Amino acid sequence: MKKASLGGLLRKVHESEDGAVSLETILIIGAIALPILIFLIRYGWPRIRAFFEQGLSDLEQGAQQAQQPGTVP
């Protein structure tokens with residue numbers, strides 16, 4: 001059995017196009033997803049954070065009202 005040389009192995013890997021379509025697809029998806037993520041982080045995140053902070057403050061107020069005896073929310 002013939003032993004493969006390092007040069008032959010590198011040549012075989014370099015000439016092979018297996019996985020090229022997958023790589024191109026991943027790059028296209030990344031090129032589409034990256035601007036969307038940047039937009040969401042830049043403009044959407046402050047609104048999302050404000051929404052959750054409002055929900056947490058409402059929850060804290062409800063918990064404080066529930067701890068006070070004789071109060072009905």
Side-chain angles (χ1 to χ4, degrees):
M1 191 157 144
K2 186 177 176 184
K3 210 174 187 183
S5 68
L6 181 60
L9 182 62
L10 289 175
R11 187 178 314 108
K12 188 176 181 181
V13 170
H14 182 71
E15 292 174 357
S16 173
E17 292 186 12
D18 293 340
V21 174
S22 299
L23 181 62
E24 291 169 356
T25 305
I26 291 171
L27 290 173
I28 290 170
I29 291 171
I32 293 170
L34 189 62
I36 293 171
L37 287 173
I38 290 171
F39 177 80
L40 286 176
I41 290 171
R42 178 125 176 127
Y43 297 106
W45 182 248
R47 290 182 180 179
I48 293 169
R49 186 176 60 199
F51 176 76
F52 279 104
E53 286 177 353
Q54 180 65 38
L56 285 175
S57 66
D58 291 346
L59 185 63
E60 288 174 356
Q61 289 175 358
Q64 289 173 357
Q65 289 177 358
Q67 290 176 350
Q68 296 173 356
T71 59
V72 178

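Since we're looking at a predicted model, the values are computed, not measured.
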Looking at CD1 of Ile38 and OH of Tyr43, how far apart are the two atoms once the value is rounded to the nearest 0.5 Å? 11.0 Å

Considering non-hydrogen atoms only, spot the tightest contact between Gly30 and Pro35 and give its length. O-CD, 4.4 Å

For residues 47-60, dump all side-chain donor-acceptor pairs below 3.5 Å to protein atoms at least two apart in sequence or in another chain.
from: Gln54; atom 1: NE2; to: Asp58; atom 2: OD1; distance (Å): 3.0
from: Ser57; atom 1: OG; to: Glu53; atom 2: O; distance (Å): 3.4
from: Ser57; atom 1: OG; to: Gln54; atom 2: O; distance (Å): 2.8

Tell me every residue that passes side chain to side chain contact (heavy atoms under 4.5 Å, CB included) with Thr25, counting only those two or more places apart in sequence or in another chain. Val21, Ile29

Got a sec, which residues hit side chain to side chain contact (heavy atoms under 4.5 Å, CB included) with Leu27, two or more places apart in sequence or on another chain? Leu23

